[in-house]
**Q** 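Provided herewith is a single structure, encoded as structure tokens, for subsequent inquiry.
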Amino acid sequence: VQLQASGGGLVQAGGSLRLSCTASGSIFSINVMGWFRQAPGKQRELVATLNGSGSTNYEDSVKGRFTISRANAKNTFYLQMNSLKPEDTAVYYCKSLMPPTPWGQGTQVTVSS
């Protein structure tokens, strides 16, 4: 299964975006899904995870603002991002952690102050 992130863009601080991660096939086999981001000059970091039982985990800086979800019928994962801040500016990637999938292209999110 290959995954492709989309939905990024330019938004003002305080605004919202919803990122989509579309799979080339069924996502039923994906047990742990993750959204990552990489800001300029920084290492890629894990932002949110979702496992097969519906449990989620979030990096501290996005807790209460970001929500990870899945739509099995659409073979798609989402990352709803609210109350965006300039420090959320980064390229966002989606990736299956279990089983692992290759990195796909990310989607740029730019938050202006």
**Q** How close do S112 and L10 get, counting heavy atoms only, and between which atoms?
**A**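 Here S112 and L10 meet closest at CB-CD1, 4.4 Å.
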**Q** Tell me the ring-ring contact (aromatic ring centres under 6.0 Å, His included) pairs involving residues 48-92, sequence neighbours left out?
**A**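 Non-adjacent pairs meeting ring-ring contact (aromatic ring centres under 6.0 Å, His included): zero.
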**Q** So, taking the atom named NZ in K85 and the one named OG in S113, what distance separates them when rounded to the nearest 0.5 Å?
**A**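 One gets 14.0 Å once the value is rounded to the nearest 0.5 Å.
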**Q** Filter on ring-ring contact (aromatic ring centres under 6.0 Å, His included), then keep only pairs touching residues 29-51, sequence neighbours left out; what's left?
**A**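 For residues 29-51, and leaving out neighbouring residues, the ring-ring contact (aromatic ring centres under 6.0 Å, His included) pairs sorted by first residue read F36-W103.
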**Q** Quick one: pull up OG in S20 and CG in L3 and give me the separation to the nearest 0.5 Å.
**A**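 It is 12.0 Å, given to the nearest 0.5 Å.
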**Q** Counting only heavy atoms not in Q38 (residues, nucleotides, ligands), do more than 12 fall under 6.0 Å from its CD?
**A**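 Result for CD/Q38: enclosed.
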**Q** Do L79 and Y93 land in one hydrophobic cluster if side-chain heavy atoms of ILVMFWY residues count as linked below 4.5 Å?
**A**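 Shared cluster, no.
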**Q** Counting C-beta onward and ignoring hydrogens, is there a side-chain heavy-atom pair between L19 and V109 closer than 4.5 Å?
**A** yes
**Q** Which atom pair, heavy atoms only, marks the closest approach of S16 to S83?
**A** OG-N, 4.3 Å
**Q** Under the side-chain contact (heavy atoms from CB on, under 4.5 Å) rule, what do V62 and R37 come out as? Steps first, then yes or no, please.
**A** CA-CA 12 Å; V62 308; R37 67 185 179 187; 3.9 Å; yes
**Q** Just verifying a value: how many Å separate N72 CG and S26 OG, rounded to the nearest 0.5 Å?
**A** 7.5 Å
**Q** Taking T89's backbone N and O only, do any of them form a donor-acceptor pair with T110's side chain (distance below 3.5 Å, no angle check)?
**A**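 No, T110 side chain to T89 backbone: no donor-acceptor pair under 3.5 Å.
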**Q** Measure the OG-CE distance between S69 and M33 for me, rounded to the nearest 0.5 Å.
**A**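 Nearest 0.5 Å value for the OG-CE distance: 11.0 Å.
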**Q** Is there any disulfide bond (SG atoms under 2.5 Å apart) pair reaching into residues 1-101, and which pairs are they, with sequence neighbours excluded?
**A**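 Non-adjacent pairs meeting disulfide bond (SG atoms under 2.5 Å apart): C21-C94.
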**Q** Run R65 and M81 through side-chain contact (heavy atoms from CB on, under 4.5 Å) and show every step you take.
**A** CA-CA 6 Å; R65 300 188 298 122; M81 307 186 295; over 6 Å; no
**Q** Would D60 and K63 count as a salt bridge (Lys or Arg N to Asp or Glu O under 4.0 Å) if you check the C-alpha gap in whole Å, the side-chain angles of each, and the deciding distance to 0.1 Å?
**A** CA-CA 5 Å; D60 285 346; K63 283 181 181 177; 3.0 Å; yes
**Q** For I27, is there any backbone N or O sitting under 3.5 Å from a side-chain donor or acceptor partner on R70?
**A** yes
**Q** Can you give me the closest heavy-atom contact between S29 and P99, atom names plus distance?
**A**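 So the two residues come closest at O-CD, 3.2 Å.
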**Q** Identify the two heavy atoms, one from L17 and one from G7, that lie closest to each other, and give their separation to 0.1 Å.
**A** CD2-O, 3.9 Å
**Q** Please determine which of I30, T101, L46 meets the side chain to side chain contact (heavy atoms under 4.5 Å, CB included) test together with K95.
**A** T101
**Q** Taking all non-hydrogen atoms of both residues into account, name the closest pair between Q80 and N82 and its distance.
**A** NE2-OD1, 2.9 Å
